[in-house]
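Before any comments, here is the structure.
Here the structure is a predicted model, which means the values were calculated and not measured.
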Amino acid sequence: MTELRTPAERPVVVTGASSGIGEAAARALAALGHPVVLGARRVEVCERIAGEINAAGHRAHVVPLDLAEDASVVAFAKAAEAAAGPIEVLVSNAGLVQPSEVLTAERDDFERHLAVNALGVRTLVQAIAPGMVERRRGDLVFVTSEVLRAPRPGIAAYVTSKFAVEGMIATLAMELEGTGVRVSTVRPGATFTEMGWDWDPAVTGAVYRDWQRRGLQLHDSLMAPSDVAAAITAAVGAPAGVVFRGIEVEPLAPIVEKEDGR
Ligand code: NDP
């Protein structure tokens with residue numbers, strides 16, 4: 001049996017909603033009429049964003065979330081449901097990236113990335129997905145990365161954590177087969193957000209040049225967070241009985257005039 005009943009208003013949880021792609025996804029889903037719960041550590045930033053959403057006539061709630069702490073994740077899921085109702089949509093977007101190399105990184109560098117980008121996601125899914133299974137519908141949308149298609153050096157712990165979480169997502173999708181709960185993955189390419197701005201500029205430059213040398217950075221175009229949010233809302237809005245399993249979103253290369261006039 002395919003999914004039959006999808007309410008017009010679907011309580012949504014967005015992790016990493018204090019900036020970048022998560023903020024844009026929260027705004028876009030709220031604008032579609034869904035009550036949205038914004039989760040992140042910077043509660044005051046989420047409050048400002050939620051205030052703007054509410055002032056525009058839509059509905060947003062804020063609940064503190066630290067994905068590195070299981071107790072915080074469990075409390076977040078409970079408070080989100082109390083605020084917005086049974087969760088219909090989880091946008092698992094929050095993420096952490098710091099420079100690191102396998103040869104020199106501390107164990108802690110890997111553990112921090114795995115804790116936020118993979119293990120915290122597991123705890124959140126365990127807290128939210130069972131209710132969806134019971135109701136026989138729901139959307140789990142995971143924001144991973146283009147590094148799954150093209151891994152790159154200089155961010156080894158990040159790449160490791162994103163492969164870990166995609167392994168988990170692939171397994172989860174099979175576990176949820178036949179429950180009515182949909183699992184989608186959105187893999188963004190380069191997007192202009194807060195990500196990477198706290199790096200030492202010299203390290204950023206070196207990593208970037210290395211990517212260029214390896215042909216991993218063919219042009220400098222960046223997407224806006226709202227571009228990636230469009231893919232997230234597409235996954236959430238997929239027709240009943242259909243799942244948009246994986247969406248790769250990349251900035252289009254700038255148009256160039258070829259010398260031979262093509
Ligand atoms: P931002 O740095 O702008 O946003 C990251 C978000 O994650 C923030 O809201 C931050 O909130 C939240 N976050 C970080 N650590 C934690 C934590 N411990 N607990 C809860 N929330 C946390 O980055 P983007 O918007 O770019 O990143 C969103 C997703 O997109 C990530 O998964 C990233 O890997 C992915 N992505 C981004 C790309 C890009 O080019 N920007 C490319 C490929 C993938 P706070 O600090 O308030 O907790």
Value for OG1 (T179) from CD (E134), rounded to nearest 0.5 Å, stands at 12.0 Å
With distance as the sole test, does S100 use its side chain to make a donor-acceptor pair with the main-chain N or O of A157 at under 3.5 Å? yes
If you define the side chain from C-beta out and look only at heavy atoms, does anything of P86 sit under 4.5 Å from R135? yes
Any donor-acceptor pair under 3.5 Å linking the side chain of W211 with the backbone of G154? no
Can you find a pair of side-chain heavy atoms, one from T144 and one from T185, that are under 4.5 Å apart? yes
How far apart are the C-alpha atoms of E248 and E146, what are their side-chain angles, what is the distance that settles it, and do they pass the side chain to side chain contact (heavy atoms under 4.5 Å, CB included) test? CA-CA 7 Å; E248 300 201 347; E146 67 174 352; over 6 Å; no
Hey, is CZ on R107 packed in by over 12 heavy atoms from elsewhere, all under 6.0 Å? no
Main-chain N/O of G241 paired with R182 side-chain donor or acceptor, under 3.5 Å: no
V125 versus S92: any side-chain heavy-atom pair under 4.5 Å? no
Return the minimal non-hydrogen interatomic distance between M132 and D139, and the atom names on each side. CE-O, 3.7 Å
Looking at R137 and P7, what are the two nearest heavy atoms and their distance? NE-CD, 3.4 Å
Any side-chain heavy-atom pair from F76 and T123 closer than 4.5 angstrom? no
Take a 6.0 Å sphere around CD of E106 and say whether it holds more than 12 heavy atoms from other residues, nucleotides or ligands. no
Can you name the nearest heavy-atom pair linking G196 to T204, along with the distance? O-OG1, 4.5 Å
State, with a plain yes or no, whether a side-chain heavy atom of I232 is found less than 4.5 Å away from one of V14. no
Can any side-chain N or O of D227 pair as donor or acceptor with the backbone N or O of A224 at less than 3.5 Å? yes
Tell me, do R187 and K162 make a side-chain contact under 4.5 Å, heavy atoms counted? no
Value for CG (D198) from CD (Q98), rounded to nearest 0.5 Å, stands at 4.5 Å
Could you tell me whether E101 atom CD has more than 12 heavy atoms of other residues or ligands within 6.0 Å of it? no
Minimum-distance pair of heavy atoms, taken over all atoms of A231 and I247: O-CD1, 3.5 Å
Shared ILVMFWY cluster between V13 and V62, side chains joined below 4.5 angstrom? no
How many angstroms lie between atom CD1 of I53 and atom NE2 of H61, to the nearest 0.5 angstrom? 10.5 Å
When you measure from the side chain of W197 to the backbone N and O of T193, does any donor-acceptor pair fall under 3.5 Å? yes
Single-linkage hydrophobic cluster, 4.5 Å side-chain cutoff, V249 and V183 together: no
Write down the atom of L218, the atom of G215, and the distance for their closest heavy-atom approach. CD2-O, 3.6 Å
CD on E250 to NE2 on H219, rounded to 0.5 Å: 7.5 Å
Are the side chain of N93 and the backbone of A17 linked by a donor-acceptor contact shorter than 3.5 Å? no
Taking all heavy atoms of S18 and all of I49, pick out the closest pair and write down the distance. O-CD1, 3.7 Å
What distance separates S161 OG from I155 CD1, expressed to the nearest 0.5 Å? 9.0 Å
Taking a hydrophobic cluster as the set of Ile, Leu, Val, Met, Phe, Trp and Tyr residues connected by side-chain heavy atoms closer than 4.5 Å, whether directly or through intermediates, do I87 and L176 fall within one such cluster? yes
Are L65 and V143 joined in one hydrophobic group, where the rule is that I, L, V, M, F, W and Y side chains link up if heavy atoms are under 4.5 Å apart? no
Are L148 and F163 close enough that some pair of their side-chain heavy atoms sits under 4.5 Å apart? yes
For the CD1 atom of I255 and the OG atom of S221, what is their distance to the nearest 0.5 Å? 10.0 Å
Chi angles and distances behind the side chain to side chain contact (heavy atoms under 4.5 Å, CB included) call for H34, V89: CA-CA 10 Å; H34 304 303; V89 177; over 6 Å; no
Sub-3.5 Å donor-acceptor pair from the side chain of T191 to the main-chain atoms of P225, do we have one? no
With the threshold set at 4.0 Å, does a side-chain nitrogen-carboxylate oxygen contact exist between E52 and R48? yes
Any donor-acceptor N/O pair, T15 side chain to A94 backbone, under 3.5 Å: yes
Close side-chain approach of F244 to V141, heavy-atom, < 4.5 Å: no
Are I169 and V73 joined in one hydrophobic group, where the rule is that I, L, V, M, F, W and Y side chains link up if heavy atoms are under 4.5 Å apart? yes
Please answer whether the main-chain N or O of A60 pairs with a side-chain N or O of N54 as donor and acceptor at a distance below 3.5 Å. yes
